[in-house]
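Take this structure, written in structure tokens, and hold onto it; I'll ask about it next.
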Amino acid sequence: MRLSELFFATLRDDPGEAEMASHRLLLRAGYLRQLGSGIYSLLPLGKKVSDRVEQVIREEIDAIGGQEMEMPVVHPAEVWKESGRYFKIGPELVRFKDRSERDMVLAMTHEEVVAMLLRDLVQSYRQLPMIVYHFQTKFRDEPRSRGGLIRVREFVMKDSYSCDLDDAGLDESYRKHYAAYEKIFRRLGLEAIAVRSDVGIMGGTAAHEFMVLNDFGEDTLVLCDNCDFADNQQIAGVGKPDPEPEGLLSMEDVETPGATTIEALATFLNIPKSKTAKAAFFVTGDGRFVVAIVRGDYDVNETKLVNALKARGGLRPAQLEEIKGRGMEAGYGSPLGARDAVIVVDDLVERSPNLVAGANRVGWHVRNVNVPRDYQPDMILDIANAREGDPCPNCGSPVKLRKGIEVGNIFKLGTDFTNAFGSMYLGEDGERHPIVMGSYGIGLGRNVACIVEAHHDEKGIAWPDEVAPYPAHLVSIGAGRDEKVRETAERLHDLAKAAGREILYDDRDESPGVKFTDAELLGMPWTLTVSPRSLAAGGVEVTRRESGERRTASIDEVEGFLRTGRFAGAAAA
RNA sequence: CGGGGCGUAGCGCAGCCUGGUAGCGCACGUGCUUUGGGAGCACGAGGCCGUGGGUUCGAAUCCCACCGCCCCGACCA
């Protein structure tokens, strides 16, 4: 591909809106252009990378028996009504009407369609197990996109679906995907770690997320160096050592003007935060008012809370009027005197004696509040976030918290969808059973961005061989005044094309500086420089982008590389 | 949805406060020179100043409304 013909442009200045390295570099190097918030065009170079990532995924999913297919982006709303998700999912599911006023949706995933196809096509246990997958555009109307390709509204995802006879079969399909994902991310040059994660709205039985550590990540991971404990903070258990025992003291009002936060309260009373109780107020999607109590030195974990409450439609923060209406006061809140509220208390609060809690009166708290002496919780269980340095629930050594980007997920769905759609098979036992499903996603664009995050320097991108848009970047220097240079470069370019291994060829009439700078920005694994100097030195200057290692290779050797994709000697590789 | 910021040429920005009809760098076109690390000179093209309304003799500039984009939070995979 001649750079003089390539549809792209490199930018000398960083685009103002880009914060992350991947976003900045992909824009600057001409891989991407933004069309709207969370909506991007892939330029030819970007499309090439995306295709290569796709191909890696395709090979590995094929290798575990996946069958590629393609399911539609636009679905009749009935499909989503039948599974119930039409009503459970909020505004991120895009709904619209077609010309005959029929309700339609843009698909966020394809469990429904798979379940319907299974219902139509599978009758006998002999037809299972099976894995199907496709690469398809998803549109999710995110409340907020961010970080370039990290969180977008429109994106292509590989989603595969396993269809098994029973839980044991699902376990096997799940294991296969787990192993395939490890191979995929290794090939993509990503150090992904699998963490256990929440099963969320689909109510499955187990799930893992594959995470790449990154400070811009949106998830917090709880990791243990001493053992293999690795959980998303959303579900991570927390080691909470017992507090010092104390005799229970009587409640006592204390004036605390302006102490509306735990921080202020602890400072004002000159006590540690661990001697306070923190109240958080929520309303569930099904209309219940919830008071959650954790100790002042912890934060409420909303995922655990949602799961404990089995709250359909999740949680939203309560409004001030709603809190007052139930006899409580924001900033000075506690369950003392609360009405019409579900009271959920963290287990550590129950074990911690004589805490300072809100008096539900502006400017006042209460000392020595004890559960269940002073108020009766509806539930007592772990609803706290794990903190940096907390004891690992598994082995007790201190855990660490890290930010991560989710590059893939695997999910044991179970039979929710197949039951909803009546996707049954006739078993060997002569009975009808629901097909057991799993669902497994990998977002292409997000992976491309993560690859750049992991493989770049201050000069630009440094693609791993496996995903580079082209294996090499051929730069000619002085082709205008040295016919031999031009001829050699042209011949190498033609040869590569003929060998089915096209390379980038900078045939532009640009100064050497521009060409080298662009080559480093664009990030092909090898740069091949042909110049009067290189020819005089015996051939072509070969530079490895990643290491900067540089040497002169003979023309023969370079031709061998272009034909086979590898350098004969180990010297350059 | 709450908080903050920003919309002026393909990209990065100035001009706005104090109203007088748009400018800089890069990129782009032509010519000459240059040619191993973002070249030089000359000439040139390119802008409903986000949109609509208002104030004014006159609005990029002041006022109002809307739209869009970015960041933090909420939310989410």
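Naming: A, B, ... by sequence-line order, numbering from 1 per chain.
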Comparing A:Gly38 and A:Glu302 on RNA chain B - which has the more 5′ nearest nucleotide
A:Gly38
Salt bridge flag under 4.0 Å for residues A:Asp507 and A:Arg486:
no
Residue of the set A:Lys176, A:Glu209, A:His208, A:Arg175 for which side chain to side chain contact (heavy atoms under 4.5 Å, CB included) holds with A:Ile410
A:His208
In this structure, how many angstroms lie between the P atom of B:C72 and the CG atom of A:Asp215, rounded?
13 Å
Watson-Crick or G-U counterpart of B:G23, or none if no pair lies under 3.5 Å
B:C13
Ignoring the backbone of A:Arg33, work out which of B:G10, B:G38, B:C69 is nearest its side chain.
B:G10
Ignoring backbone atoms, test whether A:Gln234 places a side-chain nitrogen or oxygen under 4.0 Å from the OP1 or OP2 oxygen of B:A77.
no
Assign A:Arg28 to base, sugar-phosphate, or nothing according to its heavy-atom contacts below 4.0 angstrom with the strands shown.
base
Name the pairing partner of B:A74, where a pair is Watson-Crick or G-U wobble with both distances under 3.5 Å, or state none.
none
Using the C1' atom on both, measure B:G20 against B:G73 and round to a whole Å.
44 Å
Students often mix this up, so state it plainly: with edges at 30° and 60°, are the rings of A:Phe281 and A:Phe289 parallel, tilted or perpendicular?
tilted
Please confirm whether the backbone N or O of A:Ile461 pairs with a side-chain atom of A:Arg545, one donor and one acceptor, at under 3.5 Å?
yes
For B:C41, the nucleotide meeting Watson-Crick or G-U wobble distances (both under 3.5 Å) is B:G31
Strictly below 4.0 Å: does A:Ser37 bring a side-chain N or O up to OP1 or OP2 of B:C70?
yes
Remember a base hit wins even if backbone is also touched, and classify A:Ser534 as base, sugar-phosphate or nothing at under 4.0 Å, heavy atoms.
base
May I ask you to say whether A:Asp159 pairs ionically with A:Lys138, meaning some side-chain N is under 4.0 Å from a carboxylate O?
yes
To the nearest angstrom, how far is A:Leu315 atom CG from B:A74 atom P?
13 Å
Rounded to whole Å, how long is the line connecting atom CG of A:Asp509 with atom P of B:A39?
12 Å
B:G25 and B:A9, which share atom name C1', separated by this distance in whole Å
13 Å
May I have the distance from A:Asp14 (atom CG) to B:C11 (atom C1'), rounded to whole angstrom?
10 Å
Under 4.0 angstrom, heavy atoms only, what part of the nucleic acid is A:Glu541 near: base, sugar-phosphate, or nothing?
base
So what does A:Gly147 touch, heavy atoms closer than 4.0 Å: a base, only the sugar-phosphate, or nothing?
sugar-phosphate
Can you tell me if A:Thr517 touches the phosphate of B:G38, counting only side-chain N or O atoms and a distance under 4.0 Å to OP1 or OP2?
no
For A:Pro15 and A:Glu209, take the nucleotide of RNA chain B holding the closest heavy atom to each; which residue's nucleotide lies nearer the 5' end?
A:Pro15
Pairwise P distance for B:G52 and B:A45, with rounding to whole Å
27 Å
When you get a sec, tell me which of B:C71, B:G38, B:C28 is the closest nucleotide to the side chain of A:Arg144?
B:C71
What's the closest nucleotide to the A:Arg146 side chain, out of B:C72, B:G38, B:A77?
B:C72
Taking atom types as they are modelled, would you say the side chain of A:Arg24 forms a donor-acceptor pair with the base of B:G12 within the 3.5 Å cutoff?
no
Side chain of A:Arg481 (C-beta onward), nearest among B:G38, B:U35, B:C75
B:U35
Can you tell me how the ring of A:His75 sits relative to the ring of A:His110, calling it parallel under 30°, perpendicular over 60° and tilted otherwise?
perpendicular
For the residue pair A:Phe567 and A:Phe561, categorise the inter-ring angle as parallel (less than 30°), tilted (30 to 60°) or perpendicular (more than 60°).
parallel
Please give the distance between the C1' atoms of B:G47 and B:C57 as a whole number of Å.
26 Å
Check this for me: does any side-chain nitrogen of one of A:Lys278 and A:Asp297 sit under 4.0 Å from a carboxylate oxygen of the other?
no
Indicate yes or no: at least one non-hydrogen side-chain atom of A:Val467 is less than 4.5 angstrom from one of A:Ile451.
yes
Classify the nucleic acid contact of A:Ser476 as base, sugar-phosphate or nothing, counting any heavy atom under 4.0 Å across all strands shown.
nothing
When only distance counts, do a donor and an acceptor, one from the side chain of A:Glu142 and one from the base of B:A77, lie under 3.5 Å apart?
yes
Considering only the P atoms, how many Å lie between B:C41 and B:G15, rounded to the nearest integer?
27 Å
Could you give the CG-to-P distance, from A:Asp506 to B:U35, as a whole number of Å?
18 Å
Give the nucleotide from the list B:C11, B:A77, B:A74 with an atom nearest to the side chain of A:Leu11.
B:C11
Mind checking if A:Gly443 touches a base, just sugar-phosphate, or nothing, with heavy atoms under 4.0 Å?
nothing
Between B:C13 atom P and A:Glu17 atom CD, what is the distance in whole Å?
9 Å
Nearest to the side chain of A:Phe155 - B:G38, B:A77, B:C11?
B:A77
Looking only at side-chain N and O atoms, does A:Arg12 come under 4.0 Å of OP1 or OP2 in B:A27?
yes
B:G50 and B:C6, which share atom name C1', separated by this distance in whole Å:
11 Å
Between atom CD in A:Glu510 and atom C1' in B:U35, what is the gap in whole Å?
11 Å
Between A:Leu93 (CG) and B:C75 (P), how many Å, whole number?
20 Å
Please give the nucleotide sitting opposite B:A65 as a Watson-Crick or G-U wobble pair, both distances under 3.5 Å, or none.
B:U51
Measuring only the C1' atom in each nucleotide, how far is B:U55 from B:G2? A whole number of Å is fine.
33 Å
Separation of the P atoms in B:A27 and B:U18, to the nearest angstrom:
38 Å
A:Asp13 (side chain) and B:G25 (base): donor-acceptor pair under 3.5 Å
yes
